[in-house]
There are 2 protein chains.
Amino acid sequence: MRIVNTKGKKFRVPDATILRLPLYLDKLILLQQAGVKEVSSRQLATSLDIKASQLRHDFHYFGGFSKPGRPYQVDKLVPALEEIIGVDVPVPMIIVGAGHLGQGLANYRNFERLGFPLRGIFDVDPKLVGLEIRGVPIRPLSEMQAFVKGNGIKVGVLTVPVSVAQDVANQMVAAGVVGIWNFTPTDIRTPPQVIVRNERLAVGLMCLSFKSKRIGQTDELKPD
Amino acid sequence: MRIVNTKGKKFRVPDATILRLPLYLDKLILLQQAGVKEVSSRQLATSLDIKASQLRHDFHYFGGFSKPGRPYQVDKLVPALEEIIGVDVPVPMIIVGAGHLGQGLANYRNFERLGFPLRGIFDVDPKLVGLEIRGVPIRPLSEMQAFVKGNGIKVGVLTVPVSVAQDVANQMVAAGVVGIWNFTPTDIRTPPQVIVRNERLAVGLMCLSFKSKRIGQTDELKPD
DNA sequence: TTAGTCCTGTCAAAGACCTAACAAGAACGG
DNA sequence: CCGTTCTTGTTAGGTCTTTGACAGGACTAA
């Protein structure tokens, strides 16, 4: 992944850095809402449980966000990061599959706040079609492709049963979605220009289990 | 994170490996349910979009799961990984906060399948208390501490509003939970023996956005 | 002005991680 | 019995990532 920074130089941005950018933005928006105007790399890094030098190193790829000697200004950093991450312009999204998980996500307010307004929800179940979640109606799946094309939808959330996941994903790709957030516990195949992010919820649980099982074996643990 | 493998040697298991173990187990359980008996490192790795050598390298920390020359036997590998990850014995869990996201997670069948049976759901809202989700009743939050102690609950899922997240987390810690899966978009502080895993849903979306924004700039992309 | 303190940008070294390569075992067919 | 083709376990080397260190700017107080 390459990018051009403000000085016109090209850098390869490491994946590890990319994964942290949203964490920075998320925290900075919280600070902004709390009225904080300035934040130093040390403050921000400490609150995210990383090293300050790493944070500065990450920011370094994108050119100076501050002058040396002065802490970062939250109100400047937020839009800069938003632009880098690609949420400076809202990214409209849809949820496909209005089961419990789909409905739960549709009700999650945070997405809107971070630039991902929910524009549509789709399902095959006639009992669900017509219901509204926070003002967004559940539409029949058959209308999905036209809706995506007509509304410039970029991202689709996939929360359908495993058995139809690939088929529905194909429809989303055909409609022109560029990113799929896959909550089904299966892999889906897409053309290379369509990004898939698998959200394996159970994986998070298992990592928690692995660590909590070994906690207390303090002699085996390094000061993490 | 150190561990003793079957030969009595101590290895430091890299974090990166730990993060992949649940992926392996998840995939293997799917294969097992499909009736697959044997799987090679190449098959398994390809389906997870990683290199076969990396998978073998990961397994190598825990001692031989197979003999050289023969592929892995799914029925032996699954319990071995379950034991390593710590889900060989079911890890009972509760969900605290029965809002939309909490309900959505409560309806997610996969957790049970992977060794995390849902034993209780808690909320302060009298309108929700008494309802059942898949046979699990929603109880008043005031009963949570006694329930955790009485039922040996290890893991708690936190899906309450941000404003009360820390307070509720404190109650969970006091009750004896050893792991908290935090879905609230805020940090919570716990004693060091309690593991917190933050599930920042919006972070996943932003990574998707970052990548999909830059797709198509093919000249800038290495063959990922 | 000067000393002290806090800050960022930058880089090189250290550390963690991934991967290609290969030895050697197993199964199969001829 | 031998060659072929599959496999895993193992390691060395290369790559990616993190970290500590430091130069120098900005501000404050005396």
Side-chain angles (χ1 to χ4, degrees), chain A residues 1-3 5-21 23-24 28 31 36-74 76-77 80-81 222-224, chain B residues 1-3 5-21 23-24 28 31 36-74 76-77 80-81 222-224:
Chain A
M1 194 67 79
R2 285 174 190 280
I3 203 168
N5 82 351
T6 48
K7 294 171 190 160
K9 282 188 180 178
K10 284 185 183 181
F11 288 92
R12 186 188 162 282
V13 182
D15 286 344
T17 294
I18 294 172
L19 289 175
R20 280 189 294 270
L21 293 179
L23 295 174
Y24 299 147
L28 283 163
L31 290 175
V36 176
K37 293 297 174 196
E38 293 188 332
V39 66
S40 71
S41 60
R42 188 168 42 76
Q43 291 170 312
L44 191 53
T46 303
S47 73
L48 287 164
D49 205 25
I50 61 171
K51 293 281 192 296
S53 56
Q54 179 168 74
L55 186 149
R56 291 201 299 274
H57 201 305
D58 285 341
F59 283 3
H60 182 220
Y61 290 106
F62 304 100
F65 287 140
S66 169
K67 275 170 267 185
R70 296 295 305 145
Y72 300 109
Q73 289 175 259
V74 176
K76 286 189 179 173
L77 202 45
L81 278 175
K222 284 192 174 180
D224 193 14
Chain B
M1 193 67 80
R2 286 174 190 281
I3 204 168
N5 81 351
T6 50
K7 293 171 192 162
K9 282 188 181 177
K10 282 188 181 179
F11 288 93
R12 187 190 160 278
V13 182
D15 287 345
T17 294
I18 293 172
L19 290 175
R20 279 188 296 269
L21 293 179
L23 295 174
Y24 300 148
L28 283 163
L31 291 174
V36 176
K37 293 296 174 195
E38 293 188 331
V39 65
S40 71
S41 60
R42 188 167 42 75
Q43 290 170 312
L44 191 52
T46 304
S47 73
L48 287 164
D49 205 26
I50 61 171
K51 294 281 193 296
S53 54
Q54 178 167 76
L55 186 149
R56 292 201 297 276
H57 201 310
D58 284 343
F59 283 5
H60 182 221
Y61 289 107
F62 303 100
F65 288 140
S66 168
K67 278 170 265 188
R70 297 295 306 145
Y72 299 107
Q73 290 175 258
V74 176
K76 286 189 181 173
L77 202 45
L81 278 174
K222 282 191 175 180
D224 193 15

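In what follows, every heavy atom counts, from backbone to side chain, and hydrogens, waters and symmetry copies are set aside. Convention: sequence-line order gives letters A, B, ...; per-chain numbering from 1.
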Rounded to whole Å, the CD-P distance (A:Q54 to C:dT10) equals 17 Å
Side-chain atoms of B:H57 come closest, of C:dG9, D:dC6, D:dT11, to D:dT11
With a 4.5 Å limit on heavy-atom distance, are the side chains of B:F62 and B:L81 in contact? no
To the nearest angstrom, the CG-P distance between A:D49 and D:dT18 comes to 13 Å
What one should report as the nearest heavy-atom pair of A:S41 and A:L55 is CB-CD2, 3.9 Å
- Query: Does A:S66 put a side-chain nitrogen or oxygen below 4.0 Å from OP1 or OP2 of C:dT8?
  - Reply: no
By ring-ring contact (aromatic ring centres under 6.0 Å, His included), A:Y72 pairs with (sequence neighbours left out) A:F59
Per atom distances to the A:R42 side chain, the nearest of C:dT8, C:dC7, D:dT7 is C:dC7
The bend of the helix from C:dT1-D:dA30 to C:dG30-D:dC1, taken between the axes of its five terminal pairs at each end and rounded to 10°, is 10°
Per nearest nucleotide of DNA chain D, the residue lying toward the 5' end, A:A16 or A:R70, is A:A16
Which part of the nucleic acid, if any, lies within reach of B:F65 when heavy atoms closer than 4.0 Å are counted: base, sugar-phosphate only, or nothing? sugar-phosphate
Heavy-atom nearest pair, A:D58 first then A:T17, reads OD1-OG1, 2.7 Å
- Item | Short side-chain to backbone donor-acceptor contact, A:Q54 and A:K51, under 3.5 Å | no
B:E38 CD to C:dA27 P, in whole Å, measures 9 Å
Whole-Å distance, B:L77 CG to D:dT8 C1', equals 12 Å
Taken in chain and number order and not counting sequence neighbours, the residues that satisfy side chain to side chain contact (heavy atoms under 4.5 Å, CB included) with A:A16 are A:R20
- Sugar-phosphate, base or nothing in reach of A:R56, heavy atoms under 4.0 Å: base
Taking D:dT7, C:dT8, D:dT17 as options, the one with an atom nearest any side-chain atom of A:R12 is D:dT17
Whole-Å distance, A:H60 NE2 to D:dA23 C1', equals 14 Å
Checklist entry - Has A:Y61 got a side-chain N or O lying under 4.0 Å from the OP1 or OP2 atom of C:dC11? => result no
Show the numbers, then the answer: is there a side-chain contact (heavy atoms from CB on, under 4.5 Å) between B:E38 and B:Q43? CA-CA 10 Å; B:E38 293 188 331; B:Q43 290 170 312; over 6 Å; no
Whole-Å distance, A:K51 NZ to D:dA21 C1', equals 14 Å
Give B:S53 one of three labels, base, sugar-phosphate or nothing, depending on what nucleic acid heavy atoms sit under 4.0 Å from its own. base
Rounded to whole Å, CG of A:D15 lies from P of D:dT15 at a distance of 16 Å
Rounded to whole Å, CZ of A:F62 lies from P of C:dT10 at a distance of 14 Å
